[in-house]
2 protein chains.
Amino acid sequence: MLTTWWQNRLFGAGYRLTAPREIVIDILIETDNHLSVEDIYVKALKINPSIGLATVYRTLDLFAQIGIAQKFDFGDGKARYELTDNPKKDHHHHLICIRCKAIIDYSDFMKEELRLMDKTQAALSQKHQFKIMHHTIHFYGICEKCRKSH
Amino acid sequence: MLTTWWQNRLFGAGYRLTAPREIVIDILIETDNHLSVEDIYVKALKINPSIGLATVYRTLDLFAQIGIAQKFDFGDGKARYELTDNPKKDHHHHLICIRCKAIIDYSDFMKEELRLMDKTQAALSQKHQFKIMHHTIHFYGICEKCRKSH
DNA sequence: GTCCCTGCAAACTTTTTGCATGAAA
DNA sequence: TTTCATGCAAAAAGTTTGCAGGGAC
């Protein structure tokens, strides 16, 4: 039986393959963006109604630790997660409304941004002896709708 | 009597000048980085022991809305705030440890980053009709200490 | 068989809200 | 004098933890 990239990571870091972990990964794989923990939990319940919320939290935290997923905080009070490498969605950054918390993904200037990010990352890794796993770029402002509704 | 830049912003947006707002601004001005709400509250209590935590939350949220301060979420479960323009601290970005939540400020490649950010910001403002107020760049990874303590 | 992982419930932390009082304009 | 803002307390929301039973290897 074939082991997938994420199973390799799990085993490589000394963890076991369990049903909840498979369910959470499947949900992340088939979704294209930033689900909240609650979102993931609700989807997981439909697959296995006995899964616990605490397990979902623990699983997502584990995935972030071993680099399978990224944790995002957009300032709306809930953590969100996204696969580190999602075949359904290219690398992108975010535009966030500080009023209504809407999130818009963008990928303009990605090539230039990534070139600069790679360079910066290399320098920072070296200088601070950090093992950098990912980065985020967020622009905060007020969206069209919120500007109009004053 | 002279009105300061932040007072102008307050009045301009139709808000009143109150003691708690002055206290919070003073704390932000004299500190150079990302204080948590609790940090700010504790400092405020020393100046005026009757100030309420809820007021600090409301004040900081207001400051973020009108562009006086920036709200940051580093993934440690608490919001942090920093002045938008702090004379004591140049523009910088962040390196965050996903294990111990340590935050390191950096300002390498700032000139290049800012040039690219300005360009991106202009394009995004236009394209999405967003009024962009600020941006953040975060690198996430594992710090030297956490790597060593496995 | 051993040790890790899970589900459940309770606890904890951070943030928000309602409301009567008090202060700014 | 009219609103707006505050302080307090209670509630809500999100996340973490302890523990006993069950499952992966």
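Going from atom CG of A:L10 over to atom P of C:dC5 covers 9 Å, rounded to whole Å. Atom CG in B:L62 sits roughly 17 Å away from atom P in C:dT15 (whole-Å rounding). As a whole-Å value, the separation of B:F63 CZ from D:dA5 C1' is 12 Å. The CG atom of A:D61 sits 14 Å away from the C1' atom of D:dG14 (whole-angstrom rounding). Between A:N48 atom CG and C:dC5 atom P there is a gap of 18 Å when expressed in whole angstrom units. Atom NZ of A:K78 is separated from atom P of C:dT16 by 12 Å (rounded to the nearest Å). For the pair B:E38 CD and C:dC12 C1', the computed distance is 14 Å after rounding to whole Å. Between the CD atom of B:E22 and the P atom of C:dA23 there is a distance of 15 Å, rounded to whole Å.
For B:T59, the listed nucleotide lying nearest its side chain is D:dT6; candidates were C:dT14, D:dA5, D:dT6. Among C:dC3, C:dC8, D:dA5, the nucleotide with an atom closest to any side-chain atom of A:A54 is C:dC8. Set against C:dT15, C:dC4, C:dA24, the side chain of A:R16 has C:dC4 as its closest nucleotide. Across D:dT6, C:dC5, D:dT15, the shortest atom-to-atom separation from the side chain of A:Y15 is found for C:dC5.
Under the 3.5 Å distance criterion, with hydrogens and angles disregarded, a donor-acceptor pair is assigned to the side chains of B:H92 and B:E82. Between the side chains of A:D105 and A:H34, at least one donor N or O lies within less than 3.5 Å of an accepting N or O.
Enclosure of atom NZ in A:K131 is not indicated, since only 12 or fewer non-hydrogen atoms of other residues, nucleotides or ligands lie within 6.0 angstrom.
One finds a salt bridge joining A:E112 and B:K119 here, because a Lys/Arg side-chain nitrogen approaches an Asp/Glu carboxylate oxygen to under 4.0 Å. Contact check on B:K127 versus A:D108 returns a salt bridge, with a Lys/Arg side-chain nitrogen under 4.0 Å from an Asp/Glu carboxylate oxygen.
Contact annotation for A:T55: base contact, defined as any heavy-atom pair under 4.0 Å involving a base atom. Here A:Y41 lies out of heavy-atom contact (under 4.0 Å) with every strand. Among the heavy atoms of the strands lying under 4.0 Å from A:A79 are primed sugar atoms or P, OP1, OP2 only; no base atom is included. Contacts of B:I51 with the nucleic acid, taken as non-hydrogen atoms under 4.0 Å apart, involve only primed sugar atoms and P, OP1 or OP2.
The residue among A:K71 and B:P20 whose nearest nucleotide of DNA chain D lies closer to the 5′ end is B:P20. Nearest-nucleotide mapping onto DNA chain C: of B:A19 and B:L53, the residue sitting toward the 5' end is B:L53. Both B:R80 and B:F11 lie near DNA chain C, and the one whose nearest nucleotide falls closer to the 5' end is B:R80.
Aromatic pair A:H135/B:H94: centroids not less than 6.0 angstrom apart.
The side chain of A:Y57 places an N or O atom within less than 4.0 Å of a non-bridging phosphate oxygen (OP1 or OP2) of D:dT15. Neither OP1 nor OP2 of D:dT6 sits under 4.0 Å from any side-chain N or O of B:S50. Between A:R58 and C:dC4 there is no side-chain N or O to OP1 or OP2 distance below 4.0 Å. Proximity of A:T18 to the phosphate of D:dG23: no side-chain N or O atom is located under 4.0 Å from OP1 or OP2.
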